[in-house]
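Notes to accompany the following structure.
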Amino acid sequence: MATSASTDDAALAFALACPKAELHVHIEGTLEPELAFALAQRNDIDFPYASTDALRAAYDFSDLQSFLDLYYACADVLRCEADFHDLMLAYLRRAHRDGIVHAEIFFDPQTHTARGIGFETVLNGLEAGAATAQAECGISSRLILCFLRHLSEEDGFATLAQAEPYLARIHGFGLDSSERGHPPVKFERLFARCRALGKPVVAHAGEEGPPDYIYQALDLLGVSRIDHGVRASEDPALLERLAREQIALTVCPLSNVRLRVFPQMAMHTLPQLIGAGLKITLNSDDPAYFGGYLGDNIRAVQAAFGWDAKTWYGLARNSLEASFADESDKAAWIERLDRAYAELR
Ligand code: ADE
Ligand code: ZN
């Protein structure tokens with residue numbers, strides 16, 4: 001898996017340029033300080049930071065909750081369709097530069113509807129931004145509605161009722177926010193309803209929470225992917241199951257370091273997870289807050305582990321295979337990836 005310096009550079013260049021999917025990114029987590037200030041001004045909001053530098057200085061997180069407190073506060077600048085449009089367009093333009101051909105993007109409607117913003121305002125704006133980006137650079141995207149797990153299952157059901165008229169525009173459902181103390185079992189009935197609607201479901205599990213939350217996400221929620229899942233490395237039987245069933249994990253390395261799941265990149269268990277045969281994908285989570293987009297995650301991982309092109313090819317292939325895109329699109333992207341890999345060799 002590890003290489004010499006020159007093949008290392010070639011592997012990095014391949015990893016950055018090859019076609020790939022991003023399967024774990026929160027659109028609210030792509031809000032850069034510059035855009036936050038511009039939207040605060042446009043919406044005449046008194047933003048509680050003096051400058052973009054002052055806001056960036058607050059990005060010193062001790063754990064998931066310390067990040068979420070700031071993330072929800074900053075989302076207050078998102079008020080009208082144009083704001084959601086601009087946010088989505090900025091992310092997808094940036095993603096395109098990292099070789100991303102398809103992105104599956106989480107949005108948190110409860111963060112907005114609780115502030116009196118209409119569900120349709122959020123959805124229309126995000127979709128319009130995605131359409132602009134698709135026309136501009138051909139990038140494909142899908143929306144995954146995430147329920148906030150610190151809220152009740154009843155609140156989740158109310159959000160699902162708001163979403164039901166728009167189901168054709170929502171590709172799947174997920175579970176995010178404060179993990180500890182909010183196990184997947186809390187949402188068992190809600191996720192059964194989402195699955196009955198014919199939608200794929202995913203859940204954050206094993207980011208800060210124990211391996212048991214990963215078992216619950218699989219067995220009680222029926223997820224087709226696990227978001228994060230890095231604490232699976234503590235449970236050999238779980239590792240064996242995830243490898244056997246080829247359940248994709250959407251791992252977010254810079255996020256894990258910034259939220260102190262691992263003290264530094266070199267201590268990340270990615271090599272162990274890949275070595276155990278798991279279907280690993282790399283993602284950015286909340287790139288505006290965690291020091292970078294997918295390309296930055298790739299650079300940071302390569303600096304720590306120096307993988308060869310075959311490993312990077314495998315990760316890109318996993319991301320395309322594990323996506324919820326149409327099979328014909330997936331096949332076309334995988335063919336492009338295979339060609340790029342063949343040319344390298
Ligand atoms: N919402 C946004 N980012 C998140 C993360 N890393 N974990 C849980 N919920 C989130
Ligand atoms: Zn996440």
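Read the numbers this way: they start at 1 and go in the same order the structure lists the ligands and their atoms. These numbers were taken from a predicted model, which means no experiment stands behind them.
- The neighbour count for His96 NE2, taken as heavy atoms of other residues, nucleotides or ligands under 6.0 Å away, does not exceed 12.
- The side-chain heavy atoms of Leu190 and Phe173, taken from C-beta on, include no pair separated by under 4.5 Å.
- In the hydrophobic clustering of ILVMFWY residues, with side-chain heavy atoms under 4.5 Å counting as a link, Leu78 and Leu89 come out apart.
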Filter the ligand 1-protein atom pairs down to N or O on both sides and distance under 3.5 Å, then list them.
unit_1: ligand 1; atom_1: 3 (N); unit_2: His26; atom_2: NE2; d: 3.4
unit_1: ligand 1; atom_1: 3 (N); unit_2: Asp286; atom_2: OD1; d: 3.4
unit_1: ligand 1; atom_1: 3 (N); unit_2: Asp286; atom_2: OD2; d: 2.6
unit_1: ligand 1; atom_1: 6 (N); unit_2: Glu207; atom_2: OE2; d: 2.9
unit_1: ligand 1; atom_1: 6 (N); unit_2: Asp285; atom_2: OD2; d: 2.7
unit_1: ligand 1; atom_1: 7 (N); unit_2: Glu207; atom_2: OE1; d: 2.7
unit_1: ligand 1; atom_1: 7 (N); unit_2: Glu207; atom_2: OE2; d: 3.4
unit_1: ligand 1; atom_1: 9 (N); unit_2: Ser177; atom_2: N; d: 2.8

I'd like to know whether Phe47 forms a ring-ring contact (aromatic ring centres under 6.0 Å, His included) with Phe37, so could you lay out the CA-CA distance, the side-chain angles of the two residues, the decisive distance to 0.1 Å, and finally the verdict. CA-CA 7 Å; Phe47 201 55; Phe37 270 78; 5.0 Å; yes
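- Both Val77 and Tyr289 are part of a single hydrophobic cluster, where members link through side-chain heavy atoms under 4.5 Å apart.
- Listed by chain and number, the protein atoms of type N/O/S under 2.8 Å from the Zn ion (ligand 2) are His24 NE2, His26 NE2, His204 NE2, Asp285 OD1; waters are omitted.
- For CZ of Arg345, the number of neighbouring non-hydrogen atoms (other residues, nucleotides, ligands) closer than 6.0 Å is 12 at most.
- Aromatic ring orientation, Trp307 versus Trp312: tilted (interplanar angle from 30° to 60°).
- Under the 6.0 Å distance and 45° angle rule, Arg225 counts as a cation-pi partner of Phe324.
- Rounded to the nearest 0.5 angstrom, Lys330 NZ and Leu320 CG are separated by 8.5 Å.
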